[in-house]
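Notes follow once the structure below has been shown.
Predicted, not measured: the structure shown is a model, and the values here were computed from it. Heavy atoms only: backbone and side chains are in, while hydrogens, waters and symmetry mates are out. Lettering follows sequence order; numbering is per chain, from 1.
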Number of protein chains: 2
Amino acid sequence: MGKMKITEGKNGKRIVEEPCEGPCPIERGMRIVGGKWTGSILWHLKDKPVRFNDLSRQLSGASKKMISQRLKEMEENKLVIRKVVSDQPVAITYEASEFGKTALKFLDELQLWVNENGL
Amino acid sequence: MGKMKITEGKNGKRIVEEPCEGPCPIERGMRIVGGKWTGSILWHLKDKPVRFNDLSRQLSGASKKMISQRLKEMEENKLVIRKVVSDQPVAITYEASEFGKTALKFLDELQLWVNENGL
DNA sequence: CAGAATCCAACCGGATACTG
DNA sequence: CAGTATCCGGTTGGATTCTG
C-alpha cells in the first residue's frame with residue numbers, strides 16, 4: 001500500500017496509518033475488472049471464443065455501445081483477445097486471455113458470494 | 001442466471017444461451033461492492049471500528065463527500081455499521097458488519113490477484 | 001468532529017441512425 | 001456482421017463553503 005506511517009498516541013498505543021493514495025490495490029483492481037459489465041463479459045468468454053453479436057444477445061441488458069467500449073478497454077488491459085476469424089463475411093471473436101482467466105478465480109468467488117447471500 | 005435457452009444448431013451441436021438480463025450475479029455483486037472506493041473502505045474497516053475522519057485520512061485519494069456517500073450506501077446494503085460513540089464531542093465509528101466481512105474473502109482474492117500481477 | 005449544501009464541469013450511457 | 005457516429009439528458013464527483 002502507501003508508505004506506512006507509525007506514530008505514537010498519547011496513551012502509548014501505536015497508531016499505524018497506511019494512507020491509501022494513488023489508489024490502493026483493491027481500488028486498482030476494481031478499476032480493471034470492476035467496470036460496468038466487465039466482469040460479466042469476461043465470464044461469458046471464459047471457456048470459448050464468442051462473437052460480438054452473440055455476446056450482445058447474451059448480455060441482453062447491455063447496449064452494443066457499452067459492450068464495444070468495454071471490449072476495447074479489456075483488450076487494452078490484456079484481459080481479452082480479439083481475433084478476426086474471417087473477412088467476407090466479417091467475423092470476429094473475443095476470448096479470455098490467459099491473464100483474463102486468472103481473474104476468473106476472483107469472479108467465481110464474487111458470484112459465489114452473491115448466490116450464498118441471495119443478492 | 002437468466003432463463004436458459006437450449007437450441008439445436010444445424011451442425012447438431014447444442015447451443016446453450018443464458019441471456020444476462022436484469023443483471024447477472026457478477027454484475028449484481030459488482031453493483032454492491034464495486035462502487036468507487038467501496039472495496040477499499042470495507043477493507044479499512046475489516047478489523048476495527050474506524051472514525052470518519054481517520055478513514056478520510058487513510059483514503060487520502062477520496063474526498064470526504066465520496067466517503068460519506070459510499071458509507072451511507074454501504075450502511076443501506078448492510079455492509080457496515082454506523083455507531084454513535086459519543087455526543088459532545090461528536091464521535092462516530094464505522095465497522096464492517098458480519099455480512100460485510102463475508103465480502104472480504106473475495107476482496108482478499110482481488111488484492112492477491114493485483115499483487116501477483118503487478119497491477 | 002462528522003458531515004450536509006451548493007455549484008458546476010466532466011463524464012456516462014442509452015437511443016438512434018449509419019457504415020463497410 | 002461488427003461495429004462507429006452523433007445527440008443528449010442524467011449522473012458523478014471534485015472544490016468549496018457552511019453547520020451543530
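- Annotation: side chain to side chain contact (heavy atoms under 4.5 Å, CB included) contacts of A/K72 (sequence neighbours excluded): A/E76.
- B/Q69 is linked by a side chain to side chain contact (heavy atoms under 4.5 Å, CB included) to B/K65, B/M66, counting only residues two or more places apart in sequence or in another chain.
- One can place CD1 of A/I67 at 13 Å from P of D/dT4, the figure rounded to the nearest angstrom.
- Under a hydrophobic-cluster definition in which Ile, Leu, Val, Met, Phe, Trp and Tyr are linked whenever side-chain heavy atoms come within less than 4.5 Å, directly or via other members, A/V50 and A/I81 are assigned to different clusters.
- Looking at residues two or more places apart in sequence or on another chain, you find a salt bridge (Lys or Arg N to Asp or Glu O under 4.0 Å) between B/R31 and B/E27.
- The separation between B/K64 atom NZ and D/dT19 atom P is 15 Å, rounded to whole Å.
- Residue pairs meeting the ring pair (Phe, Tyr, Trp, His ring centres under 6.0 Å) criterion with at least one partner in residues 70-96 of chain A, sequence neighbours excluded, do not occur; the list is empty.
- With rounding to whole Å, A/N53 atom CG is found 13 Å from D/dT4 atom P.
- At D/dC1, none of the side-chain N or O atoms of A/R51 fall inside 4.0 Å of OP1 or OP2 (strictly under the cut-off).
- Atom CG of A/L55 and atom P of D/dG3 are 10 Å apart (whole Å).
- B/E73 pairs by the salt bridge (Lys or Arg N to Asp or Glu O under 4.0 Å) definition with B/R70, not counting sequence neighbours.
- The side chain to side chain donor-acceptor pair (under 3.5 Å) analysis of residues 80-93 of chain B, with sequence neighbours excluded, yields the pairs B/K83-B/E95.
- The side chain to side chain contact (heavy atoms under 4.5 Å, CB included) check on B/K64 picks up B/F52, B/N53, B/S56, with sequence neighbours excluded.
- With rounding to whole Å, B/L71 atom CG is found 11 Å from C/dG3 atom C1'.
- Protein atom CD1 of B/I41 is 12 Å distant from nucleotide atom P of C/dG3, rounded to whole Å.
- In terms of the side chain to side chain contact (heavy atoms under 4.5 Å, CB included) criterion, residue partners of A/T102 (sequence neighbours excluded) are, by chain and number, A/F99, B/W113, B/N117.
- Rounded to 10°, the helix from C/dC1-D/dG20 to C/dG20-D/dC1 has 50° between the axis fitted to its first five pairs and the one fitted to its last five.
- Between A/S68 and D/dT4, a side-chain N or O to OP1/OP2 separation shorter than 4.0 Å is present.
- The stretch residues 79-94 of chain A touches DNA chain D through A/R82, A/V90, A/A91, A/I92, A/Y94, each having a heavy atom within less than 4.0 Å of the strand.
- Contacts classified as ring pair (Phe, Tyr, Trp, His ring centres under 6.0 Å) and involving residues 61-85 of chain B (residues at least two apart or in different chains) are not found.
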Completion exercise
Going 5' to 3' through nucleotides 7-14 of chain C and flagging B where a protein heavy-atom sits under 4.0 Å of the base, S where only the sugar-phosphate is that close, and - otherwise, we get B-----BB
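- Between B/K105 and B/D108, no side-chain nitrogen of the basic residue sits less than 4.0 Å from a carboxylate oxygen of the acidic one, so the salt-bridge criterion is not met.
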